[in-house]
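Let me begin by presenting the structure, written as C-alpha cells, before commenting on it.
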Amino acid sequence: MTDKNYYNVTEWNVGNPYEDIGEVINSIIADIKSRQTKSDINEGGKPGAVIYIPSGDYHLTTQVVIDISYLRIVGSGHGFTSSSIRFNTPKSEWADWHEVWPGGSRILVDSSLKAGDEESAGAAFYVKRSGDPRISSVEFADFCIDGLHFLDDGSGENNPENTYVNGKTGIYVASAGDSFRITGMGIVYLEHGVTIYDADALAVHDNFIAECGNCIELRGSGQASKITDNLIGAGYKGYSIYAQNFGGLLITANNIFPRGASSVHFSGVVRSSITSNRFHSFYPGMLEFRDNCSENLIASNHFLRDHEPWPPMQKYDNGLDDLYGLLYISGNNNSVIANHISETIDTQYIRPSGTAPVIIHVVSGKGNYISNNHIVATTEASKVQDAADESCFSAQVGALLTIGKLETLEVTTILVEKESYQNTILDSGSEEQVVLDRSVNAFRATPTPGV
Amino acid sequence: MTDKNYYNVTEWNVGNPYEDIGEVINSIIADIKSRQTKSDINEGGKPGAVIYIPSGDYHLTTQVVIDISYLRIVGSGHGFTSSSIRFNTPKSEWADWHEVWPGGSRILVDSSLKAGDEESAGAAFYVKRSGDPRISSVEFADFCIDGLHFLDDGSGENNPENTYVNGKTGIYVASAGDSFRITGMGIVYLEHGVTIYDADALAVHDNFIAECGNCIELRGSGQASKITDNLIGAGYKGYSIYAQNFGGLLITANNIFPRGASSVHFSGVVRSSITSNRFHSFYPGMLEFRDNCSENLIASNHFLRDHEPWPPMQKYDNGLDDLYGLLYISGNNNSVIANHISETIDTQYIRPSGTAPVIIHVVSGKGNYISNNHIVATTEASKVQDAADESCFSAQVGALLTIGKLETLEVTTILVEKESYQNTILDSGSEEQVVLDRSVNAFRATPTPGV
Amino acid sequence: MTDKNYYNVTEWNVGNPYEDIGEVINSIIADIKSRQTKSDINEGGKPGAVIYIPSGDYHLTTQVVIDISYLRIVGSGHGFTSSSIRFNTPKSEWADWHEVWPGGSRILVDSSLKAGDEESAGAAFYVKRSGDPRISSVEFADFCIDGLHFLDDGSGENNPENTYVNGKTGIYVASAGDSFRITGMGIVYLEHGVTIYDADALAVHDNFIAECGNCIELRGSGQASKITDNLIGAGYKGYSIYAQNFGGLLITANNIFPRGASSVHFSGVVRSSITSNRFHSFYPGMLEFRDNCSENLIASNHFLRDHEPWPPMQKYDNGLDDLYGLLYISGNNNSVIANHISETIDTQYIRPSGTAPVIIHVVSGKGNYISNNHIVATTEASKVQDAADESCFSAQVGALLTIGKLETLEVTTILVEKESYQNTILDSGSEEQVVLDRSVNAFRATPTPGV
C-alpha cells in the first residue's frame, strides 16, 4: 500500500519542474483525475491529493489549471525577501550580496504568463470549474510565488521595477469555491497576488503577501470568510485588501504596512468586520467604503499615516489629497468604534497646502455610529533624510520611532458631508475638530482638558 | 538510523486503514507504547510520535483510544465540502456531480460508532488517561472527520439527514489534558464535533468545524485556553461553541455562521473573552451567558441576526422567541463594549407577533457594563424566495447583501430585568430603546440625531 | 531528481543527532552552503532548505549557528508539558508517572550552553549574519526547545528549579532579519525563550512558550511585526512579552497566563497595538509602558489580576506593590479603550497594607485617552488552600472560578500623576475612583447606578 495521493514535483515522470513546474503539476492533476474517477463509491472515491514542492527554484511557464477539489499544493517555505529593496539598490552591489532572490519553495512566474484580453491568462495558478458542486477545499500552503519583475508601463518611470505592473497574478480563482485555504504563503512582485471570485468560507491566514500591485482581491460576491493574521503590503497603485459585494467578511489580526493605495477598499460590502488590525499608510484613503457599504464594524484597529521616508519611493503617492480622509465612508449604519488613528506629517507635505487634513470622512449614507476613537495628529520632528545611503529598514524604523519633538497638527477629525445624516458622533474629537450639521446628526464632543 | 517515530497508516503492518483505520491507529499506538517504555532515561524517553494519514478515504469502525502524550495525528487536507447542501439536493442529481463526498485525509466514521449508555462510545477519537501527569500535547491536524449521515430521530422529519442526530463524536477528551492542539481540521456531520473535558492551555485554531450538531464543547471545567481563527457553524439544535465552568477562555477571530441554536453558550464561565469575532445567526439566543457567568468581556464583535434564507432549513429554528434577546446575559460584572449588532428581519417573522425584539437581555446579576454598542435594526427588503431553485450560497449571499430598501424595525436594544441591578448602560440605545429601572441602574442614552 | 534540499537529522552522515543535534544541524547548514554557492543564476540559486527533526529526544551540546536565509527547521510536535509542576512534585512520585519529560521533536539544551560574557553563548539557535541583504525567512516550526533545569542563583532558594535562571536561550537572533517565522513551537525552561534584535516583518504565531524566565524579547529596534495567537507565560522574574524601540508591533489574540513579572513590557515602543488578548497575572505591573511609549493602542483586552493560588509559588512575586498599577503608562497619546480589568484579591495581600490598589497608573506624558474601560475589583471569597495536596491545575481553576461571595474592593481605577497632563479619561471609573488634576486633564465619570 503506497501513498498514491502524495506527489513530489521533483519525482514526477513528466516534465522538468525546474524548467516548467506548471507542466509537471498539470500532469499530476491529470493523473489524479485519471485515478480518481468515481465518487459515491463506498461513500468516497475522490479524496484529492497533495502536491509537494520542496525548497528550490521552479520556473513556471505553463499556467496551472485546477479543477478538482481537495487538492493541496504545499511547499517548505514562504521564502520572502524584499525585491523592492534589491531593485532600488545599484546592481553593481548585488555581487556582494549573500543571496539576491527570494527562496523557499519558490515558483518563478515566467514573463510568458501575462494578462492579455483575459486577465486570468496572467495567473500562475488558475482555478475554474463549472457544474456542481462548487469546487471545495483547494489549499495553497507554505510556498512562494514570485513575479520576478515589474515592467515599463509607459509612464516614463525610469525604474520599471517600481511600476507594480506586469500582468501577472499568483492565484486566480474564477468560479465559486467553498472552504479554500491559503496559508503560510509568500507572494511577491505580482501585479495581483490573490484574486478570488465568489468565495464562501474562505480562509486567507498567516501569509506574507507584499510588494504586489494588489495583494488580496475578493471579487464578484461572497460570504462568511476570513482574512486573518497576515503580513500584507501592496504597492502604491493598488489594494492591500479589496472586497466586493461581500457579506460576513472578517478581517482581523493583520499587520498591513505601506504602501498600498488603500489598506482596505470595500465596494458594496456589508455586515463585515475590520477589527484588531494594524494599518500603516503613506497616503490618505487608507480605508475606503464605497458603493453603499453598510452595517460594517471598524473597531480596535490602529491606523497610522505618515510621510514616505524611503527616498526611492518618495515620488509616488496614490493621488489623493488630505481632504479625502484617512477613512472614507460611504454607506449606512456602519460602526467606527475604539480605534486609534495617528497622523504624523510635516505641514509642507499637506495637499492642498495650508488645509487641515480630514481623518474620518463620511460622504454619504445615514446612521453611521462613530464613537470613542482617539485621533492623534502631529507634525513630524525635523529629520534629515540621508537620501543616498539610507536603507529602507532604517528609514522606516527611524520615521516610525520619531516621536517627542512633535507639535500638534490641526486636523478635522470627523467631516460629515451634507449628503450624509442621522449619524452619531461621540467622543471622537473636540467641538472644533468635528464638522457636521448638528441639526441632522447627533454629536458629543470629546471633553477638552483644562489646559 | 530510521525514523521509528513516524508512522504512515497506509504502510503499517496490522489492519487495513481503508477498511478500519481505527484498528491501524490503535496498533500503532500499542507499538509506540511497547517501544517507549521508560521515561527519565537520560531526561527523556517518551517523545511520542506522528501518525500520518495521507489523502484518502479511511473507514473507521474501531474507536481510536489515545492514552499517550505527544501524539500527533496529522493528515494532508481538511477536505470540507457541504454535506447539508448535498443531502438537500435530489439524489438523482448526484450522478452529474464532480464529486459527492468530502475529501482530503478523510475518516469515515462508521455507524457502529454510536453513543449508547456512554456518550463516549460514539467517539471516533477517544482520549482518556488516569494517573499523573495529565496527558499533554496530543495534536490533531489537517485531516477530516466525517460523520456521514444524520438519522431519523423520531421527530417525523422527512429528511433524516437534517436531524443533526447520529450519536457520533469526532474527538472526545474524557480526562484532564494540557496543551492539546486541534488545528487545520475539517469536521462535519457529527452530532458532536469536538468534546473536551477539563482543558488547560488548549488551542483550537484555524479549523473548519461545521454542519455538526454541536461544534466545540468544553465541559467539566478548564482554564487558559483559546478558540481562535476558526470557521464554525453548528446545526439548529446545538452549540457552535459551548463552555462550562471555564476561566480565562479566549474566543477571538472566529467567523461563526449559522445555524447553531447558539453561536456561543457559556455556563458558569468567568473572566473570559469574546472579542473580534463575526457571528451570524438565524435565531435569537445567539450568545448566552447562564449559571452566573461573571467578569467576561464581549467586545469588538459583529453580530448579525436575520431570517433563514435557504428553503430546506426554513422550517427549523431553536424555539426561542424574539423577546429572549440576541444576547442573553445572566451574571455579574460582565462587559459588553464596542460591538456592532444588526437585526434584519421582516415583521411577519417576529414572535410573539407584534412585539419589539430584544437585542441585549440582562436577566440577572449585577454590575454589568454595556457601553458603546451600535445596534441596527431594520426590516428586510421584500425579496421573492425562489424556493425550488435557489442554491444555499445564492440564497445566503442574496440575503446577506440585501440592504438599501430597509425600514427601521422597532426594537428594545437593552432590556434589564428587575432581578438585575447596578448595571451601567451607556450609549447603546435611545431613551425609548432601553428598558430598565433607572433607580437601580445607571443609564446614558445615545444622543439622538436632530432628524 | 532527488530532493537535496530536505534533510532529516536522523539520516545525516555527520554526527549523532541524539547526542548532539547541534553538530548535525551545523554540518547540514555547511552542506547547504557548499551546494548553494551562487545566487543570481537564472534568477535564483539559493533557495535554502528544510531540516526536519522527527519526534524524539535530541541533546544539543553545540550551538546551532544560522547565517543563511530561507532555512526552515521543522519538527513534528511542540511537546509541551509542565516542567514546573514536575519539579514541584516530590521526585519519589515520578516513578509512577506515565512520562516525566516534555516530548515531541525535542531539543534538550545541554548545560554546556550558558551565557557567559556573551549572553548569546547560551543560545541553542544563534542567528547572525553581517553584510547585505538582511537575513530573511528563517523559520522555526513545530518542535520543542527544553532548557531542562533552572539553577541555584545564590538567592538561597531551596528549590533551584524555581529560580528561572540558567543562562540559556532558545532562539537568539543577533542581527537584523526580515520575514522570520516562529510557529507551532514549544519552548520551556529557558532563561530566555526567544530573543530577537532588529526584527522587521516578524511573525511569532501559534506557539506555546511558557515556564521560561522571559518568553519573547524584541530588542534593539524593529517594525511591522506580529505576536499573535500564542499561549505564553513567563516566570515571576521576567517578561512574557518585551519590546524595545519598536514601531507597528501587533500583539493580538494571545492568551498570556501567569506568572510573568510583566505580561507585556514596552520600552520606547510607538504606534503599536495590544488588542483582543487575554492577560492573567498574580502581581501589579502586568502591562508596562516605559521610556516614552507613545501612540499605542490597548483595546478589547481582558486583564485579570488575582493572588497566586498554587502553594509552591506563593512565596514569589515581582516586588511591586499595589500602588504601582496593573497598567503602568509612561508616554504620550496612548489609547486605552474598551478593556475589561478585574482585580480580585483579599485585602490581607494588599501592599502597602490598607491602601487602595491602583489599576491604571499614568505616570508621565500627555494626551493619553482612556475610555470605556470596565474595572471590576472584588475581594476573594474565603477559600481554604490545601497547600500540600492541591495540584497546580485545581488550585488555579479553583481560584479562577471563585466568584459569588465577592465583596467590592476599594480601588483607584485611574491615577494620573502630576507629571502627566492633557489626558482624557472617560467612563472608566466614578468620581471617587479616578484621581487626577481636573484643571489639566479632561474627565467624565462613569455614571453611578442609583443603588
Side-chain angles (χ1 to χ4, degrees), chain A residues 8 10-11 17 54-57 76-82 85-86 93-94 96-101 103-106 108 148 186 206 208 229 231 253 255 257 275-278 280 299-300 302 304 337-340 342 372 374 376 393 396-397 400-401 403-404 427 446-451, chain C residues 1 3 5-6 39-40 43-44 46-50 69-70 72 129 131-133 136-137 139 176 178-179 200-201 203 205 221 223-224 226 228-229 245 247-248 250 252-253 270-271 273 275-276 292 294-295 297 299-300 333 335 337-338 369 371-372 421-422 424 426 438-442 444:
Chain A
N8 181 326
T10 65
E11 296 171 359
S55 305
D57 293 307
S76 273
H78 77 304
F80 185 86
T81 200
S82 174
I85 292 174
R86 174 184 60 251
E93 296 181 14
W94 298 9
D96 294 329
W97 279 25
H98 296 289
E99 69 271 338
V100 175
W101 301 95
S105 298
R106 172 172 170 245
L108 293 76
L148 296 167
D206 196 20
F208 199 117
D229 221 320
L231 292 160
N255 196 326
F257 39 77
T275 54
S276 274
N277 300 285
R278 180 256 171 171
H280 182 195
S300 295
H302 192 288
L304 167 64
I337 313 175
N339 300 285
H340 178 104
S342 281
N372 293 85
H374 184 206
V376 176
F393 177 72
Q396 289 189 356
V397 172
L400 263 174
L401 297 179
I403 293 226
D427 300 326
T446 309
T448 307
V451 172
Chain C
M1 289 186 286
D3 180 2
N5 293 330
Y6 181 94
S39 194
D40 207 10
E43 299 187 332
K46 288 187 167 182
V50 180
S69 293
Y70 320 127
R72 179 185 225 185
R129 188 171 81 175
D132 286 314
S136 297
S137 290
E139 303 189 36
D178 188 21
S179 55
D200 191 0
H205 175 65
S221 65
Q223 70 167 345
K226 60 188 175 80
T228 58
D229 221 320
N245 301 330
L250 174 64
T252 190
V270 303
R271 293 146 182 168
S273 238
T275 55
S276 274
N292 199 18
S294 295
E295 301 184 29
L297 171 65
S300 296
N333 295 324
S335 302
I337 312 175
Y369 181 95
S371 171
N372 294 85
Y421 55 97
Q422 289 186 354
T424 303
L426 307 177
R438 294 204 189 185
S439 70
V440 295
N441 295 286
R444 183 173 71 223

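Order of the sequence lines sets the chain letters (A, B, ...), proteins ahead of strands, with each chain counted from 1.
Minimum heavy-atom separation, C:Ser136 to A:Thr81: OG-OG1, 2.8 Å. Of all heavy-atom pairs between A:Ser55 and C:Asn5, the closest is O-ND2, 2.8 Å. Closest non-hydrogen pair, C:Arg72 versus A:Gly77, comes out as NH1-N, 4.2 Å. Closest non-hydrogen pair, A:Leu304 versus C:Arg271, comes out as CD2-CD, 3.8 Å. The minimum heavy-atom distance between C:Ala224 and A:Asn255, with the atom names listed, is C-ND2, 3.5 Å. Across every non-hydrogen atom of C:Ala203 and A:Leu231, the tightest pair is CB-CD1, 4.4 Å.
Heavy atoms closer than 4.5 Å to chain A are found in the side chain of C:Thr424, but not in its backbone. Residue C:Leu426 touches chain A through its side chain alone, counting heavy-atom pairs closer than 4.5 Å. For chain A, the nearby parts of C:Ser179 are the backbone and the side chain; heavy atoms of each come within less than 4.5 Å.
Heavy-atom pairs under 4.5 Å with chain A were tallied for C:Ala176, C:Gly248, C:Gly48; the largest tally goes to C:Gly248. With respect to chain C, the highest number of heavy-atom pairs below 4.5 Å among A:Ala299, A:Pro447, A:Ser276 belongs to A:Ser276. Counting heavy-atom pairs under 4.5 Å between each of A:Gly186, A:Gly104, A:Ser105 and chain C puts A:Gly104 at the top. Ranked by heavy-atom pairs shorter than 4.5 Å toward chain C, the options A:Arg106, A:His98, A:His340 are led by A:His98. If you tally non-hydrogen atom pairs under 4.5 Å between each of A:Asp206, A:Val376, A:Asp96, A:Leu108 and chain C, the highest count goes to A:Asp206.
Between atom OH of residue C:Tyr6 and atom CG of residue A:Asn8 there is a gap of 10.5 Å, rounded to the nearest 0.5 Å. Atom NZ of residue C:Lys226 and atom CG of residue A:Asp229 lie 4.0 Å apart, to the nearest 0.5 angstrom. Remark: A:Asn339 CG to C:Ile337 CD1 distance equals 7.5 Å, nearest 0.5 Å.
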Decide side-chain contact (heavy atoms from CB on, under 4.5 Å) for C:Asn333 and A:Ser342; before the verdict, give the C-alpha distance in whole Å, the side-chain angles of both, and the deciding distance to 0.1 Å.
CA-CA 9 Å; C:Asn333 295 324; A:Ser342 281; over 6 Å; no

Start with the C-alpha distance between C:Tyr369 and A:Asp427, add both sets of side-chain angles, then the distance that settles side-chain contact (heavy atoms from CB on, under 4.5 Å), and finish with yes or no.
CA-CA 10 Å; C:Tyr369 181 95; A:Asp427 300 326; 3.6 Å; yes

*Apply the test salt bridge (Lys or Arg N to Asp or Glu O under 4.0 Å) to residues A:Glu99 and C:Arg129: give CA-CA distance (whole Å), side-chain angles for both, the deciding distance (0.1 Å), then the verdict.*
CA-CA 12 Å; A:Glu99 69 271 338; C:Arg129 188 171 81 175; 2.8 Å; yes

*Going through the checks in order, is the side-chain contact (heavy atoms from CB on, under 4.5 Å) test met by C:Ser39 and A:Trp101?*
CA-CA 7 Å; C:Ser39 194; A:Trp101 301 95; 3.8 Å; yes

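In the model, A:His374 has a side-chain atom that pairs as donor or acceptor with a side-chain atom of C:Ser335 under 3.5 Å. Checked by atom type, the side-chain pair A:His78/C:Glu139 shows a donor-acceptor distance below 3.5 Å. When only modelled atom types and interatomic distance are considered, C:Thr275 and A:Ser300 share no side-chain donor-acceptor pair under 3.5 Å.
Residues meeting the ring-ring contact (aromatic ring centres under 6.0 Å, His included) test with A:Phe80, sequence neighbours left out: A:Phe208. Listed by chain and number, the residues in a ring-ring contact (aromatic ring centres under 6.0 Å, His included) with A:Phe257 amount to none (sequence neighbours excluded).
Taking 4.0 Å as the cut-off between side-chain N and carboxylate O, A:Arg86 and C:Asp132 do not count as a salt-bridged pair.
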